[in-house]
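This report refers to the structure that appears directly beneath it.
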Amino acid sequence: MNADEISTILENIARLLALKGENPFKTRAYLNGARAIEMFAGSLREAAEKNQLGQVEGIGKALAEKISELILTGKMEYYERLREEFPAGILELFELPGLGEKKIKVLHEQLKITGIPKLEEACRDGRIAALPGFGEKTALKLLAAIETRRSTADLFTFGSIASDARAVHQALRDHPAVGQVSPAGSYRRRKEIVHDLDFVASTREPEAVGEYFASLPEVTGIIAQGKTKVSVRLRSGVPCDLRLVSDAEFPFALQYFTGSKEHNVALRQRAMARGWTLNEYRIAPTREDADPIPPMQEEREVYRALGLDYIEPELRENHGELEAAEAHTLPELVQLEHLRGTFHNHTTASDGRDSLRAMAEAAQELGLQYLGIADHSKSSVIANGLNEQRLEAQLKEIDALNAEYRGQFRIFAGTECDIHKDGTLDFDDSLLAQLDYVVASVHVNFTLSEAEQTARIVRALENPHVTMLGHVTGRLLLQRSAYEVNIPAIIDAAARTGTIIELNANPRRLDLDWRWWKNARDKGVLCSINPDAHRTEALQDLWFGVGAARKGWLRREDVLNCLPLNQVIRALAKKRKAAQA
DNA sequence: GCCGTTTTCGGCCCGACTGTTTTCAGTCG
């Protein structure tokens with residue numbers, strides 16, 4: 001039972017209590033408890049065993065007992081009983097945007113709605129629109145939400161399946177009869193959203209390996225099991241295919257199953273021009289006068305045989321990579337190892353889980369030379385944003401730590417400064433001028449028109465103290481779409497003002513989207529790959545960001561945080577300096 | 001249900017937006 005699972009159960013309790021009409025402060029106590037668990041830095045099991053959960057702020061005697069029971073026995077009697085009082089489908093109603101506890105209570109009590117199917121029915125037959133407090137628009141909005149949910153039910157963010165993918169990959173590598181093995185498909189191409197996970201492995205014992213694969217602990221169900229292909233479902237819910245081929249077939253199978261479909265179509269056309277056919281097993285001649293076929297043992301050699309430089313999987317979207325590979329102009333893509341530091345990270349001063357020192361130590365353990373802190377600004381009340389006094393106190397704390405590090409490591413003092421509705425910033429220029437850098441972000445007023453939203457952001461970029469723009473579109477993958485904004489205009493404004501654009505590496509964001517980066521790069525906009533980490537482990541989200549940057553054709557020199565410490569200081573100061581000149 | 005205390009009960013995060021209303025309730029972050 002991990003922290004996420006525990007906090008979900010506490011949230012569910014809060015929801016069910018609200019439906020029962022319990023004291024709202026009691027339900028909030030459960031929500032606070034859920035947050036406290038999420039924010040807990042340490043071993044929950046150990047805390048439960050030592051009876052120390054009650055010492056955590058937000059967890060009192062009652063919650064400590066219930067959470068301990070959950071951790072130590074895997075079950076919570078109170079929760080089980082509570083659930084029996086409601087239909088099983090009631091909790092899924094909370095996943096629909098626009099529905100909260102009050103409305104669900106009305107739906108349950110007045111219309112006997114037990115889950116999404118019944119709700120859909122009631123939306124269609126007019127019962128929802130007729131309810132007091134509801135209306136025609138509410139019914140339409142709910143139908144739209146149900147439809148969105150249906151259409152994204154078989155989609156997964158890259159981040160949500162990455163740990164499954166790593167575990168399965170490692171397990172396959174560990175099998176003695178497996179020769180070569182690699183992920184393939186959209187996962188290998190580092191698409192931000194995937195619908196399944198593919199692996200290709202070479203072996204002389206396909207049936208034994210298939211059997212082994214189907215019985216891995218990550219597997220929750222078998223969809224199909226044949227001699228050379230096994231399909232299963234993994235813990236995260238994602239379907240996962242394994243293709244078993246011979247060593248000789250491996251490079252072709254890997255290439256074929258990595259895709260994309262469009263990339264492969266273009267590739268097969270090139271094969272055809274040489275009198276060859278290319279499929280998942282081999283390249284073979286289709287006519288007598290075909291070009292001779294070179295021997296190929298690696299995927300790289302398949303591309304070479306077709307007259308192409310090796311194309312990294314991330315680029316295989318038929319977005320110009322084949323032409324570039326032929327002309328030897330493919331970019332040398334940025335790698336995780338190139339990163340020297342990172343910006344936009346939070347601490348306990350605002351809504352982070354870990355202290356400034358803990359974050360700095362975690363960054364050093366990752367081998368980074370510097371870490372930028374950017375806690376929320378005062379307008380982000382929910383996120384416990386810092387006011388001027390608290391920010392100044394944090395500056396002093398950072399100075400003290402930097403003195404301790406004696407140049408071996410550097411913390412950069414920044415802020416994630418809210419951009420107001422009119423494009424002004426949450427702090428005065430005089431305060432911003434004291435900081436090493438400023439991330440400007442939109443957190444409210446998502447529904448402005450495209451023109452207004454764009455003008456708002458452009459105005460923020462024109463402030464000489466705004467070093468970089470945070471999560472440009474505010475999207476949350478599979479959850480919340482981007483707000484309306486003219487991205488080319490933003491890119492132009494960033495280029496004109498010398499503002500860096502963030503590639504938010506949080507796997508739910510990956511914002512700005514990879515499809516824009518080649519364009520931004522060509523206009524001279526620098527990228528900063530930022531994890532937006534709210535806890536030490538999340539610094540490792542940088543890996544997701546690097547994947548997106550690679551998909552966006554970014555090279556080491558296009559990324560701010562590939563710069564070594566002495567150069568990054570100059571890069572951060574560049575915009576302000578230019579404004580003074 | 002938690003917390004903090006003037007120790008045993010009273011207060012508990014806040015502002016914007018949407019759709020329902022006709023001045024506000026519910027949701028969301």
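Below, chains carry the letters A, B, ... as their sequence lines are ordered, and counting in each starts from 1.
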Classify the nucleic acid contact of A:V106 as base, sugar-phosphate or nothing, counting any heavy atom under 4.0 Å across all strands shown. nothing

In whole angstroms, how far is the C1' atom of B:dC2 from the CZ atom of A:R35? 15 Å

What is the nucleic acid contact for A:E65, judged by heavy atoms within less than 4.0 Å: base, sugar-phosphate only, or nothing? nothing

For B:dG10, which nucleotide in any strand shown is its Watson-Crick or wobble partner with both distances under 3.5 Å? B:dC3

For a quick check of understanding: with a heavy-atom distance under 4.0 Å over all strands, which category does A:F446 fall into, base, sugar-phosphate or nothing? nothing

Looking at side-chain heavy atoms only, is the closest gap between A:H465 and A:R576 below 4.5 Å? yes

Can you tell me how far apart CD (A:E65) and CG (A:N51) are? Round to the nearest 0.5 Å. 8.5 Å

Sequence neighbours left out, what passes side chain to side chain donor-acceptor pair (under 3.5 Å) with A:T114? Give chain and number order. none

Measure the acute angle between the ring planes of A:F158 and A:F544, then classify it against the limits of 30° and 60° as parallel, tilted or perpendicular. perpendicular

Which value, in whole Å, describes the distance between the C1' atoms of nucleotides B:dC14 and B:dC9? 25 Å

Please classify the nucleic acid contact of A:P132 as base, sugar-phosphate, or nothing, using heavy-atom distances under 4.0 Å. nothing

Phosphate oxygens OP1/OP2 of B:dT18: is one of them under 4.0 Å from a side-chain N or O of A:T138? no

Under 4.0 angstrom, heavy atoms only, what part of the nucleic acid is A:N32 near: base, sugar-phosphate, or nothing? nothing

Nearest-nucleotide pick for A:I382, side chain only, options being B:dG29, B:dG26, B:dT18: B:dG29

What integer distance in Å separates A:L99:CG from B:dA25:C1'? 14 Å

Between C1' of B:dA25 and CD of A:E101, the distance in whole Å: 13 Å

Could you tell me the separation between the CG atom of A:D351 and the P atom of B:dG29, rounded to a whole number of Å? 14 Å

Based on the glycosidic angle (syn within 90° of 0, else anti), state the conformation of B:dT18. anti

Distance between C1' atoms of B:dT5 and B:dC12 (Å, rounded): 14 Å

Report the nucleotide, chosen from B:dC2, B:dC17, B:dC14, that has the shortest atom-to-atom distance to any side-chain atom of A:V381. B:dC14

Where the side chain of A:L63 is concerned, which of B:dC28, B:dG19, B:dG1 is the nearest nucleotide? B:dG1

Considering heavy-atom distances to DNA chain B, does A:G135 or A:K61 have its closest nucleotide positioned more toward the 5' end? A:K61

Roughly, in whole Å, what's the span from CD in A:E11 to P in B:dG29? 12 Å

Polar side chain donor-acceptor pair, A:H534 to A:D351, under 3.5 angstrom: yes

Please give, in whole Å, the distance from B:dT20 C1' to A:K137 NZ? 10 Å

What integer distance in Å separates A:L142:CG from B:dT18:P? 16 Å

Would A:H443 and A:H471 count as a close aromatic pair, with their ring centres under 6.0 Å? yes

Testing B:dT18, B:dG1, B:dG26 for proximity to the side chain of A:K102, the answer is B:dG26

Mind checking the C1' distance from B:dG26 to B:dT21? Whole angstroms is fine. 13 Å

Say we look at B:dG29 and B:dT22: how far apart would their C1' atoms be, to the nearest angstrom? 28 Å

At under 4.0 Å between heavy atoms, what does A:E22 touch on the DNA or RNA strands: base, sugar-phosphate, or nothing? nothing

Shortest non-hydrogen separation from A:A460 to A:I419 and the atoms involved: CB-CD1, 3.7 Å

A:R480 vs B:dC28: side-chain N/O to OP1/OP2 distance below 4.0 Å: no

Among B:dG1, B:dT18, B:dC17, the one nearest A:K421 by side-chain distance: B:dC17

For A:S379 and B:dG15, is the shortest distance between a side-chain N/O and OP1 or OP2 below 4.0 Å? no

Spacing of the P atoms in B:dA25 and B:dT20 (rounded, Å): 16 Å

Minimum-distance nucleotide (side-chain atoms of A:F25 versus B:dG1, B:dA16, B:dC13): B:dG1

Looking only at atom P, what distance separates B:dT8 and B:dC13, rounded to whole Å? 23 Å

With respect to the side chain of A:K103, which nucleotide from B:dC2, B:dT27, B:dT20 is positioned closest? B:dT27

To the nearest angstrom, the NZ-C1' distance between A:K378 and B:dG15 comes to 15 Å

